[in-house]
Amino acid sequence: MAPRKSLQKIPRTAWFTDARFGMFIHWGLYAMSARHEWIRHHERIKDEDYEKYFALFDPDLFDPKAWAAAAKAAGMKYVVFTTKHHEGFCLWDSKFTDYKATNTPAKRDFVKEIVAAFRAEGLRIGFYYSLIDWHHPDFVIDRLSPYRDSPDKAKMNKGRDMRRYAKYMRDQVTELLTNYGKIDVLWFDFSYPGEDGKGRDDWESEKMLKLVRKLQPDILLDNRLDLPGSGDIVTPEQFTPSKPILDDQGNPAVWEGCQTLSGSWGYHRDEASWKSPRMCVEMLVNHVSRGGNLLMKVGPTSRGHLDARALKCLDGYAQWMRFNGRAIYGCGIAPFAEAENCRYTYNPKTNRLYVHVLSWPFRDLHLPGLAGKIRYAQLLHDGSEVRVTEKAESCGMKATPEGFVTLQLPVVQPDTLIPVVEIILK
Ligand code: GLC
């Protein structure tokens with residue numbers, strides 16, 4: 001493949017790198033089990049034993065307008081949601097399967113309603129589509145399947161045909177990219193090549209890529225098709241890179257870390273690993289300071305609402321973003337070394353630097369490399385001036401280290417999850 005320009009520099013990705021923050025929604029039959037979206041794998045659940053969820057799926061409190069309003073208030077600018085997860089259940093009225101929401105007691109095309117609700121709030125739309133499918137009769141049983149250890153595995157695999165499955169995926173993707181208007185992101189999940197796994201030849205990734213580009217030329221595609229050079233977005237999962245990420249060609253990548261509020265992706269009743277609102281905000285800051293986006297997951301319950309724990313985290317974002325969104329949107333890596341206990345984000349258009357103070361110091365915050373470069377500084381949440389000096393001293397002792405600038409902060413940390421100093425550079 002010919003070398004290409006950094007995707008960070010092309011117009012198609014500009015909205016995405018400006019937006020920086022999206023909502024990832026994982027929702028399907030597994031929400032009923034409330035013990036992980038991978039339960040079919042973890043518990044080796046057979047088709048017939050999983051059937052009860054399909055027979056009873058009826059989210060009576062489903063209200064995508066409430067999801068969209070919560071995302072908007074949290075400062076999120078786009079949504080990516082599971083049209084189909086690994087269990088194979090489809091949230092839309094697909095012509096190519098009976099295993100779909102319109103055949104459950106719910107009898108609704110959820111994709112249609114979710115798209116409409118998020119668009120109405122002005123958010124961009126992304127579809128997650130699982131490449132893995134533990135329900136489809138042509139999907140060859142492999143090392144991830146619920147039947148992986150079954151003595152009947154070989155027998156069950158007889159007659160299964162991944163060619164037909166790949167065609168099924170193209171048919172479904174055609175529906176998704178034709179019937180719901182402009183789709184901004186497509187998130188395939190995922191490849192695991194190697195022994196008893198699956199990759200580009202199984203998915204027929206080249207054909208899929210051509211189809212996607214033809215149907216929605218401006219769409220942004222993730223990088224999980226196992227086809228080097230095919231992805232627009234690099235997608236680290238449940239970790240935050242400490243350095244900028246490079247793409248296949250060695251250019252600064254467009255990347256998006258996907259993270260969870262509590263560990264699993266689907267609704268999990270008993271998980272005790274919920275992150276605090278402060279930690280959630282810190283994760284957003286960390287991603288943007290390293291030039292990435294954050295796609296934060298919520299897993300609505302089987303009744304269709306966001307539970308109190310998720311709402312608490314979203315509310316933390318809402319409180320913080322209302323005043324500090326300027327330090328996130330349009331921002332990325334700063335061209336300065338960071339001060340101790342701080343993360344920087346920087347907006348190249350406005351030439352403003354944002355110092356996110358992770359651990360509140362006693363009055364003086366010393367910044368390296370900024371001597372002579374600061375025009376004005378203020379706390380972002382309330383626009384109050386922060387005095388800047390290159391000559392802080394105490395009892396005749398020089399406090400500002402050589403080559404540093406000192407911000408004189410209030411002694412008490414302002415009441416915001418992470419205080420931000422906005423620096424207007426000369
Ligand atoms: C993983 C998991 C999955 C989740 C996804 C999100 O690959 O298979 O459950 O949907 O990550 O990134």
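The figures that follow rest on heavy atoms only: side chains count, while hydrogens, waters and symmetry mates do not. Remember, it's a predicted structure, so these values are computed and weren't measured experimentally. Whatever order the structure lists them in is the order used to number ligands and atoms, beginning at 1. For reference, positions follow the sequence shown, starting with 1.
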Inset, instruction - Check each protein residue for a heavy atom under 4.0 Å from ligand 1 and list those that pass, ordered by chain and number. - result: F24, H26, E37, W38, H85, H86, Y128, W187, D189, F190, R224, E237, C258, W265

Inset, instruction - Classify the side-chain pair H36/S264 by whether it contains a donor and acceptor separated by less than 3.5 Å. - result: no

Legend entry - Face-on cation placement of R40 at Y50 ring, 6.0 Å and 45° thresholds: yes

Legend entry - Donor-acceptor contact present, side-chain R278 to main-chain G316, <3.5 Å: no

Inset, instruction - Ignoring hydrogens and angles, tell me if any N or O in the side chain of E37 forms a donor-acceptor pair with the backbone of W265 under 3.5 Å. - result: yes

Inset, instruction - Verify whether one side chain among Q172 and S94 offers a donor that lies under 3.5 Å from an acceptor in the other. - result: yes

Legend entry - With sequence neighbours excluded, residues passing side-chain hydrogen bond (donor to acceptor under 3.5 Å, both in side chains) with T97: none

